[in-house]
J.: 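The structure under discussion is supplied below as structure tokens; questions concerning it will follow.
Along the sequence shown, residues are numbered consecutively beginning with 1.
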Amino acid sequence: MQGLARFFARNRRDGARLLSTALVITGAGLVRIDHPIGRGIALVGGLVSLYWWLCYRQLER
């Protein structure tokens, strides 16, 4: 995961901002889960959120 971690912030404040943005985008996709584009946005946003949450947990301060 070290090589992929470069696509994430190096501090917790910026990491939290990235994670919250991804969660908002996921929520927007879930609002329109009945539409194929909404499902795609929810899926991609959810995967990005999961990845960024795992990266966020590894940050110390």
J.: For residues L19 and V24: do they belong to one hydrophobic cluster (side chain heavy atoms under 4.5 Å, members Ile, Leu, Val, Met, Phe, Trp, Tyr)?
T.: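 No.
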J.: Indicate yes or no: at least one non-hydrogen side-chain atom of L59 is less than 4.5 angstrom from one of N11.
T.: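 Contact flag for L59/N11 side chains = no.
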J.: Locate the shortest heavy-atom distance separating I41 from I25; write the atom from each residue and the value.
T.: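 That would be CG2-O, 3.6 Å.
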J.: Shared ILVMFWY cluster between V44 and L50, side chains joined below 4.5 angstrom?
T.: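 Same cluster: V44 reaches L50 through Ile, Leu, Val, Met, Phe, Trp or Tyr contacts under 4.5 Å.
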J.: Could you state the interatomic distance from OH (Y51) to CG (L18), rounded to the nearest 0.5 Å?
T.: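 The distance works out to 11.0 Å.
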J.: With sequence neighbours left out, write down each residue that passes side-chain hydrogen bond (donor to acceptor under 3.5 Å, both in side chains) with R32, or none if nothing qualifies.
T.: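 For R32 the side-chain hydrogen bond (donor to acceptor under 3.5 Å, both in side chains) partners, ignoring immediate neighbours, are D34.
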J.: Between CZ of R12 and CD of Q58, what distance do you get to the nearest 0.5 Å?
T.: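 So the gap between those two atoms works out to 11.5 Å.
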J.: Which pair of non-hydrogen atoms, one from G45 and one from T26, has the smallest distance, and what is that distance?
T.: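 Where G45 meets T26 most closely, the heavy atoms are C-OG1, 2.8 Å.
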J.: Please write out which residues are connected to I33 in a hydrophobic cluster, directly or through intermediates, given that two of Ile, Leu, Val, Met, Phe, Trp, Tyr count as joined at side-chain heavy-atom separations below 4.5 angstrom.
T.: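 The other cluster members (ILVMFWY side chains, heavy atoms under 4.5 Å, direct or chained) are L30.
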J.: Using the rule that two of Ile, Leu, Val, Met, Phe, Trp, Tyr join whenever any of their side-chain heavy atoms come within less than 4.5 Å, decide whether V31 and L43 are in one cluster.
T.: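 Different clusters: V31 never reaches L43 through Ile, Leu, Val, Met, Phe, Trp or Tyr contacts under 4.5 Å.
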J.: Which atom pair, heavy atoms only, marks the closest approach of D14 to A9?
T.: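 D14 and A9 have their closest heavy atoms at CB-CB, 3.5 Å.
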J.: Fit a plane to each ring of F8 and W52, take the angle between them on a 0 to 90° scale, and name the class: parallel (under 30°), tilted (30 to 60°) or perpendicular (over 60°).
T.: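 Judged by the thresholds at 30° and 60°, the geometry between F8 and W52 is tilted.
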J.: Can you name the salt bridge (charged side-chain N to carboxylate O under 4.0 Å, His left out) partners of R39, sequence neighbours left out?
T.: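 Salt bridge (charged side-chain N to carboxylate O under 4.0 Å, His left out) list for R39, sorted by chain: empty.
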